[in-house]
Amino acid sequence: MAKNEKVLVVDFGGQYNQLIARRVRECNVYCEIVSYRIGVAAIQAQNPVGIILTGGPNSVYEEGAPSLDSSIFDLGIPVLGICYGSQLMMHLLGGHVCKAPEREYGKTLVHTDAASPIFADVSRDTVCWMSHNDYIETPAPGFSVTAHTDNCPVAAVEQPEKRLYAVQFHPEVLHTREGKQMLHNFVYRVCGCKGDWKMDSFVETSVKALREKIGGGKVLCALSGGVDSSVAAAMLAKAVGKQLTCVFVDHGLLRKNEMEEVCEVFGPHGQFELNFICVNARERFYQKLAGVQEPEQKRKIIGEEFIRVFEEEANKIGAVDFLAQGTIYPDVVESGLGGESTVIKSHHNVGGLPDYVNFKEIVEPLRDLFKDETRQAGRELGLPEYLVSRQPFPGPGLAIRIVGEVTPEKVRMVQEADAIWREEIAKAGLDKTVNQYYAALTNMRSVGVMGDERTYDYAVALRAVTTTDFMTAEAAPIPWEVIQTTTSRIVNEVSHVNRVLYDCTGKPPATIEFE
Ligand code: GLN
């Protein structure tokens, strides 16, 4: 929306391309990912202040390997090639790239040349993350080598007069200790950026732009209470106030006090000016779910019922001009619209809603933001910390944390156990390092003894994982005392639970959620 200085990341299918964009943005420079397929003219048309060519799985010398017209290097726009991107730059400009005698994978000591602007304020010997089979045997004419490793004679090259730079390693991953400094050097020293990408000004300009776009129109927003939809709603409320209606559906599968928390922020006593509708649909969902065991069927029922409830509310409101969605940048890239991703997964923040609402246009105010930026925007908008720093929570809610049939009684058990677990994790100060943690209710009942009396009750499973991307995860090594305190609190405070188990499984082979 705002006209910021922009760096383009040209995606050749590398694993870390989103990370590159995030790192650049952490330097306060706006950055977007585009596929190499869009070509040089389209890249130039976006008027970037710098271009970064990413890594990729191919070999540049193979027939049909992803490439670009070499005129990209004549635009006068600074280019940084990373791994595949560095090899491609050399290949296209007359250097020689071939299979390396010694491939490098992992942390590698790189010897750098102080004269390169990329290595300004970087240690002469610095640990970098390498992941390549090919290497640059001979740099292209006019380029000088600015770094090497024991196995790789060309770990970095440059031709400063043409503003072309290339590194064989990956500055974007945290294993490259001074990688952030190198990217910072590229955007500030080479591209000459000023750093105009800041969340406070983003919020301000977005609010203005939303006002212009929406005019006197009506906006409808499905509020889930998650980070994305809450931030989108807050921004729209700031922009158009009472022209916005937010519908929040309590399907009876939320965490303890969640409905109250959302109502406190967005309801009539909250800080925002808007129309807020909270629908208590708990009974409807419980009835539909009665007797259903199978996870996929549970998900389907909840998704469909959600649409029914929302549709009924939308009908009461009548036609609107805009339907707001909390789509964020990773959703856009994952749908195949941004980068070179092969997963073409259409993205709806609220599954299938647009088909059931009478509206003219979709508005997605967070479309350009990464998750951490979305949280930051939420803080700028004055949302409370418990909303902006919330953990991921699945759409079907607690239904997939209750193994087997869902009943109101089981929902109560899991809500209470989960609240205790979250409280104890926070008390132990683990909430910042453990990425996701919750309690689930197993479908197992077993024998116990309480006050000399036999019990035959349910078992709660505690889950806590560390992960960077939620694609893979490890069970978190929670200190035994914390598990013990939580266990005794749960069996004491939550009736009909007589056993607590800790889930030690990672993902894979398990998933983070139970169903
Ligand atoms: N496929 C190329 C190689 O093996 C580039 C690898 C990469 O970009 N990570 O060298």
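Just follow the structure's listing: the first ligand is 1, and inside any ligand the first atom is 1.
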| request: Kindly indicate whether the side chain of Ser230, heavy atoms from C-beta on, has any atom under 4.5 Å from the side chain of Val265. | output: no
| message | Quick check on contacts: which atoms of ligand 1 are under 4.0 angstrom from a heavy atom of Ser131? | response | 6 (C), 7 (C), 9 (N)
| said: Below a 4.0 angstrom heavy-atom separation, can you tell me which part of Pro57, side chain or backbone, both or neither, approaches ligand 1? | reply: backbone
| field | Under-4.0 Å salt bridge between Asp331 and Arg367 | value | no
| field | Presence of salt bridge, Lys238 and Glu380, under 4.0 angstrom | value | no
| field | Heavy-atom nearest option to atom 10 (O) of ligand 1, drawn from Asn58, Ile82, Asp134, Val97 | value | Asp134
| Should we say atom NZ of Lys507 is surrounded by more than 12 heavy atoms from elsewhere, each under 6.0 Å from it? | yes
| request: For atom 6 (C) of ligand 1, grab the closest protein heavy atom and report residue, atom and distance to one decimal in Å. | output: Gly56 O, 3.2 Å
| said: Could you tell me, atom by atom, which parts of ligand 1 come under 4.0 Å of a heavy atom of Gly55? | reply: 8 (O)
| query | Among side-chain atoms of Glu364 and Thr327, is any donor-acceptor pair under 3.5 angstrom? | reply | yes
| What atoms of ligand 1 come closer than 4.0 angstrom to any heavy atom of His132? | 3 (C), 4 (O), 10 (O)
| ligand 1-proximal atoms of Arg103, by part, heavy-atom distance under 4.0 Å | neither
| Is ligand 1 less than 4.0 angstrom away from at least one heavy atom of Gln87? | yes
| Ligand-residue contact atoms, ligand 1 with His170, heavy atoms, under 4.0 Å | 9 (N)
| Between the side chains of Asp134 and Ser59, is a donor N or O closer than 3.5 angstrom to an acceptor N or O? | yes
| Using 4.0 Å as the upper bound for N to carboxylate O, is an ion pair formed by Asp121 and Arg189? | yes
| query | How close does the nearest protein non-hydrogen atom get to atom 7 (C) of ligand 1, and which residue and atom is it? | reply | Cys83 SG, 2.9 Å
| said: Give me the residue, atom name and distance of the protein heavy atom closest to atom 3 (C) of ligand 1. | reply: Asn133 N, 3.4 Å
| message | Both conditions, 6.0 Å and 45 degrees, for the charged tip of Arg255 above the ring of Tyr438: are they met here? | response | no
